S.K.: 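Quick one: the structure is below, questions incoming.
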Number of protein chains: 2
Amino acid sequence: MAINSLMEDFSSLDTSSLVDKVEAKLVQLLKDQKLNVGDSIPKELELAERLGVSRTVIREALLRLRVMGLIESKKKKGAVITSPDIFGIISKSVNPHVLDQATLKEMFELRLILEIGMADFIFQRISPADIKELKKIVSKEPDATQDYLFNIDHEIAFHGKLYEITGNETLKKFQRMLLPVFDYVHHSGLLKKQVSIKRYVSHKGLVDIIENGSPEMFRNAMRNHLENHFSRLFE
Amino acid sequence: MAINSLMEDFSSLDTSSLVDKVEAKLVQLLKDQKLNVGDSIPKELELAERLGVSRTVIREALLRLRVMGLIESKKKKGAVITSPDIFGIISKSVNPHVLDQATLKEMFELRLILEIGMADFIFQRISPADIKELKKIVSKEPDATQDYLFNIDHEIAFHGKLYEITGNETLKKFQRMLLPVFDYVHHSGLLKKQVSIKRYVSHKGLVDIIENGSPEMFRNAMRNHLENHFSRLFE
DNA sequence: TTATGCATTATGTATGACATAATAAAAATA
DNA sequence: TATTTTTATTATGTCATACATAATGCATAA
């Protein structure tokens with residue numbers, strides 16, 4: 001055999017473990033649409049027999065699917081296919097302490113991107129009740145002389161409400177995932193010190209724009225509102 | 001005992017399995033910062049002994065951490081703590097076929113939010129080489145008479161490049177995760193039919209703005225560029 | 001008809017054994 | 001002595017078996 005084809009054989013050598021293969025096989029089973037949400041998959045022993053591996057391996061593969069949120073297994077009923085709550089799953093494993101600094105900084109940035117980008121969805125889906133609630137929140141807004149660091153709760157209440165208005169649950173979950181990270185990055189020495197803690201467009205200003213303005217105006221205002229954060233990133 | 005406190009006792013009944021507890025215990029171990037990235041955790045048998053459970057349970061708990069990307073285990077060295085590549089992990093489990101329609105639609109929306117919101121990062125971090133590459137990509141842009149459905153590749157190349165310019169790897173991974181979803185939603189009957197396939201701001205137009213304009217202008221232009229998608233969501 | 005209890009069944013847990021791969025120690029070779 | 005080869009050790013990977021536990025459905029009794 002020529003050395004080239006030999007090397008090809010090497011490179012294509014299957015280094016994956018047994019469990020890997022079984023996992024792939026099971027995932028493919030789901031992909032093939034043969035199984036829909038709510039359907040139950042074969043019992044562990046049956047799978048073990050059909051795939052010719054031990055129950056241990058099957059269990060481990062199934063466990064992976066379970067951690068990924070693809071299935072749920074009940075005591076007697078066996079395992080049933082579920083629609084995975086992705087961000088629910090990850091938020092569990094997102095732990096600022098175990099993420100490297102670069103990633104943390106990037107997730108910090110991600111929040112800024114989201115809040116500027118979601119303008120259209122706010123304007124499209126906001127209700128009078130939402131505006132009322134926003135006004136109630138900003139009525140308690142601390143005045144401009146205070147550092148917002150002291151007002152985390154108010155920040156979360158206001159911005160959280162904005163996410164809620166978009167009506168996008170996935171987005172909301174994403175925010176919940178980002179929240180502890182944002183807080184962590186804020187307090188860690190990861191970013192530059194905040195030189196000037198100016199207050200730009202206030203929460204009240206944002207609400208005014210939501211009520212009387214346009215998505216364009218909102219994006220610019222939000223960008224301005226977040227200037228304190230941007231300056232720590234860019235300067 | 002009063003019925004109320006009795007019920008409280010019931011509600012606080014610990015329904016979690018052994019593995020759940022062990023998992024929680026291990027995760028807390030990591031959180032406590034006693035262990036940093038690169039450190040190795042005790043051997044399975046040692047853990048089993050110390051926690052008073054079987055090796056089976058330990059293995060399953062460790063496996064969960066591994067799926068979540070918190071640890072990696074090597075044959076002899078035992079398990080070592082790793083910095084999880086969150087989005088790398090989930091993109092593996094994000095499978096349009098197993099996600100429910102509501103979630104799919106929301107992820108579709110998420111892309112629109114990101115691309116409008118990331119303007120500032122593009123302008124802040126773009127290099128002359130990037131602009132050159134963008135121009136090269138748009139030089140092959142299909143003319144306005146064609147439906148962009150026929151030009152998915154070009155779409156991905158252009159928009160992918162924009163993500164790349166932001167220099168935010170997490171964002172990029174996030175996009176890679178969203179990509180198959182976006183494609184899927186597009187082709188499924190999930191959204192309204194596209195009534196008018198107009199061409200708004202073109203890719204070339206976006207590049208012009210990147211070169212000569214401002215983040216504000218870019219956001220508005222991108223919003224316009226994505227109008228076809230928005231109209232399918234809003235109308 | 002409605003509880004109650006019982007048998008069944010599939011997952012959860014425990015145990016012991018061996019396979020495999022990575023490492024370190026020991027031995028052999030130059 | 002330095003370097004390579006062999007061997008032993010060790011921790012994870014896989015297998016097999018047994019029993020525990022909880023959920024389900026059926027049968028039985030009130």
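Letters A, B, ... mirror the listed sequences (proteins, then strands); counts begin at 1. Note that this is a predicted model, so its numbers are computed, not measured.
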S.K.: Can you measure B:E60 atom CD to D:dT14 atom P for me and round it to whole angstrom units?
M.R.: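 Value for this atom pair: 14 Å.
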
S.K.: At under 4.0 Å, does any side-chain N or O of A:R59 touch on OP1 or OP2 of C:dT11?
M.R.: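 False: A:R59 side-chain N/O out of range (4.0 Å or more) of C:dT11 OP1/OP2.
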
S.K.: Whole angstrom is fine here: how far is it from CG in A:L47 over to C1' in C:dA10?
M.R.: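 It is 12 Å, rounded to the nearest whole Å.
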
S.K.: Nearest whole angstrom, please: distance from the C1' of D:dA11 to the CD1 of B:I41.
M.R.: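 Those two atoms, CD1 and C1', are 12 Å apart.
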
S.K.: How long is the line joining CG of A:L62 and C1' of C:dT11, in whole Å?
M.R.: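 Roughly 10 Å, once rounded to whole Å.
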
S.K.: Which nucleotide in the list C:dT20, C:dT13, D:dT14 gets nearest to the side chain of A:L18?
M.R.: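 Nearest nucleotide to the side chain: D:dT14.
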
S.K.: Please report the distance, rounded to the nearest Å, between CD in B:E49 and P in D:dA11.
M.R.: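 It is 12 Å, rounded to the nearest whole Å.
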
S.K.: If you only use heavy atoms from C-beta on, which nucleotide in C:dA14, D:dT14, D:dT12 is closest to the side chain of A:S54?
M.R.: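 Closest nucleotide to the A:S54 side chain: D:dT14.
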
S.K.: What nucleic acid atoms does A:K74 come within less than 4.0 Å of, heavy atoms only: base, sugar-phosphate, or nothing?
M.R.: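 Sugar-phosphate contact only - A:K74 comes under 4.0 Å of backbone atoms but never of a base.
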
S.K.: Take the protein atom NZ of B:K75 and the nucleotide atom C1' of C:dA24, then report the distance between them rounded to whole Å.
M.R.: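 Rounded to the whole Å, the gap is 18 Å.
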
S.K.: When the nearest nucleotide of DNA chain D is assigned to B:K43 and to A:V53 on a heavy-atom basis, which residue is associated with the more 5' position?
M.R.: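 Nearer the 5' end of the strand: B:K43.
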
S.K.: Of the candidate nucleotides D:dT14, C:dT11, D:dT12, which contains the atom at the shortest distance from the side chain of A:S73?
M.R.: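 Nearest listed nucleotide: C:dT11.
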
S.K.: Which atom pair, heavy atoms only, marks the closest approach of B:R111 to B:F182?
M.R.: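 Minimum heavy-atom contact is NH1-CE2, 2.8 Å.
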
S.K.: Begin from the C-alpha positions of A:F121 and B:F230 and carry the test ring pair (Phe, Tyr, Trp, His ring centres under 6.0 Å) through to its verdict.
M.R.: CA-CA 9 Å; A:F121 293 94; B:F230 274 104; 5.6 Å; yes

S.K.: Taking the six-membered ring for Trp, are A:F174 and B:F174 closer than 6.0 Å centroid to centroid?
M.R.: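 Yes: the rings meet the under 6.0 Å criterion.
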
S.K.: Quick check: any donor-acceptor pair below 3.5 Å linking the side-chain of B:R55 to the base of C:dG16?
M.R.: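 Donor-acceptor pair under 3.5 Å: no.
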
S.K.: Mark yes or no for a side-chain to base donor-acceptor pair under 3.5 Å between B:T56 and C:dA14, with no hydrogen or angle criteria applied.
M.R.: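 Answer is yes: a donor-acceptor pair is held.
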
S.K.: What is the distance from CD1 of B:I71 to C1' of D:dA11, rounded to the nearest Å?
M.R.: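 Answer to the nearest Å: 13 Å.
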
S.K.: Do A:F123 and B:F234 have ring centres separated by under 6.0 Å?
M.R.: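 So the answer is no for these two rings.
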
S.K.: Just do the side chain to side chain donor-acceptor pair (under 3.5 Å) check on B:R125 and B:T166 with the steps written out, would you?
M.R.: CA-CA 6 Å; B:R125 291 167 185 166; B:T166 65; 5.8 Å; no

S.K.: Starting at CD of A:E72 and ending at P of C:dT11, how long is that distance when rounded to a whole Å?
M.R.: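 Answer to the nearest Å: 14 Å.
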
